[in-house]
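Dumping the structure here so I can ask a few things about it.
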Amino acid sequence: MAASSLGQTEINWDKLDKSKFYVVGAGIFTGLTVGLYPVSVIKTRLQVATRDTVEKSASSVIRGILKTDGVPGLYRGFGTVITGAVPARIIFLTALETTKVTAFKMVEPFNFSEPTQAALANGIGGMTASLCSQAVFVPIDLISQRLMVQGYSGHEKYNGGLDVARKIIRTDGIRGFYRGFGLSVMTYSPSSAVWWASYGSSQRIIWRLLGQGTDREEAAPSKSTIMLVQATGGIIAGATASCITTPLDTIKTRLQVMGHERRSSARQVVINLIKDDGWTGFYKGLGPRFFSMSAWGTTMILAYEYLSCSKW
């Protein structure tokens with residue numbers, strides 16, 4: 001496949017129907033949020049589990065939730081998340097694509113290999129997009145996580161998202177909604193950068209392994225082949241990003257779910273994790289997080305493909 005054909009496999013902001021993106025895309029991302037929300041609940045509970053917590057595996061957490069709350073227990077805090085998830089994702093994707101175009105132009109003069117150029121440009125775009133979306137996402141994340149773990153492992157109980165918000169304002173003011181913001185930026189920005197960098201480079205490597213991307217003039221790959229390569233790249237990216245950033249995510253989650261009376265510093269959280277679980281404690285919830293990141297990213301890529309190429 002010649003370079004021009006390879007370019008056809010890239011997600012391109014310029015060829016994307018913006019009205020379709022904002023309307024249909026919002027529906028797709030809402031549906032994905034519904035499907036993957038229970039995975040986030042399981043991950044969060046695993047990350048905040050203490051040494052005395054009985055439920056220490058994903059299966060035991062699921063059984064415990066279903067036993068005490070039924071299926072609705074898997075959706076604690078969902079109303080809060082769905083309120084902010086779609087705007088945050090739209091901000092993220094808009095910033096991602098507009099930044100990527102500039103980033104590709106910035107790295108082009110350095111004559112890096114094609115996978116390296118893709119990794120750098122996608123990484124810069126992912127990090128910038130994550131920074132832009134964190135202003136909306138962090139307060140939503142904080143409230144939803146407190147609802148996810150309420151009554152679990154000694155955590156406070158609430159009467160919905162508004163009750164969480166009132167208690168945060170009463171004890172910490174508006175700044176309380178941004179507790180763990182620094183760690184969120186340190187977690188999600190690198191995570192996003194690693195995901196998109198891994199996705200961009202792995203996709204090109206896969207094409208090379210398939211004998212594409214050479215100087216020979218070849219027919220452009222089929223739509224199904226393109227989507228399969230993109231999905232595989234998404235899974236590889238999810239595995240890479242989750243392995244690298246889960247420790248920070250665990251620390252951030254523990255900080256955000258602590259009530260005013262149990263507050264501690266990031267340093268104390270680290271000390272307690274090592275004391276209770278050793279270094280493996282930093283990777284609590286790795287399985288659900290890997291699944292969620294891979295599914296989110298892969299579906300987002302496939303949605304991009306649909307939105308950029310399909311007709312109304």
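Along the sequence shown, residues are numbered consecutively beginning with 1. Side chains included, hydrogens not; waters and symmetry mates left out as well; all remaining heavy atoms used.
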Inset, instruction - To the nearest 0.5 angstrom, please state how far the CD1 atom of Ile140 sits from the CZ atom of Phe177. - result: 9.5 Å

Inset, instruction - Would you check if there is a donor-acceptor pair between the side chains of Arg289 and Thr245 at a distance under 3.5 Å? - result: yes

Inset, instruction - Check whether any side-chain heavy atom of Pro247 sits under 4.5 Å from a side-chain heavy atom of Thr250, and report yes or no. - result: no

Inset, instruction - Not counting sequence neighbours, which residues clear side chain to side chain donor-acceptor pair (under 3.5 Å) with Ser133? List them please. - result: none

Legend entry - Carboxylate-amine/guanidinium proximity below 4.0 Å for Asp172 and Arg179: no

Inset, instruction - Check ring pair (Phe, Tyr, Trp, His ring centres under 6.0 Å) between Phe282 and all other residues, then give those that pass, not counting sequence neighbours. - result: Trp279

Legend entry - Lys167/Glu156 ion pair, N-O < 4.0 Å: yes

Legend entry - same_hphob_cluster(Leu210, Ile205) at 4.5 Å side-chain heavy-atom cutoff: no

Inset, instruction - May I ask whether Ile91 and Val81 are part of the same hydrophobic cluster, defined by side-chain heavy atoms of I, L, V, M, F, W, Y residues being less than 4.5 angstrom apart, directly or through others? - result: no

Legend entry - Verify same cluster id: Val138, Leu162 (apolar side-chain graph, 4.5 Å): no

Legend entry - Single-linkage hydrophobic cluster Leu32~Phe291, side-chain heavy atoms < 4.5 angstrom: yes

Legend entry - Ile143 reachable from Val136 in the ILVMFWY side-chain graph, under 4.5 Å edges: no

Inset, instruction - Say whether Ser57 and Ser60, considering side chains only, have a donor N or O and an acceptor N or O under 3.5 Å apart. - result: yes

Legend entry - Minimum side-chain heavy-atom gap Leu286-Ser242 below 4.5 Å: yes

Legend entry - Heavy-atom side-chain proximity of Tyr199 to Ile236 below 4.5 angstrom: no

Inset, instruction - Check the pair Thr80, Thr83 against side chain to side chain donor-acceptor pair (under 3.5 Å), reporting the backbone distance first and the verdict last. - result: CA-CA 5 Å; Thr80 302; Thr83 301; over 6 Å; no

Inset, instruction - Give, for atom OG1 of Thr253 and atom CE of Met148, the distance between the pair rounded to the nearest 0.5 Å. - result: 9.0 Å

Inset, instruction - Report the relative orientation of the aromatic rings in Tyr75 and Phe78; use parallel for angles under 30°, tilted for 30 to 60°, perpendicular for over 60°. - result: perpendicular

Inset, instruction - Quick one: list whatever passes ring pair (Phe, Tyr, Trp, His ring centres under 6.0 Å) with Phe181, sequence neighbours left out. - result: Tyr178

Inset, instruction - Specify the closest pair of heavy atoms between Gln134 and Ser184, including all atoms of both residues, with the distance to one decimal. - result: OE1-CB, 3.6 Å

Inset, instruction - Flag the pair Lys284 / Arg254 as yes when at least one side-chain heavy-atom distance between them is below 4.5 Å, and no otherwise. - result: yes

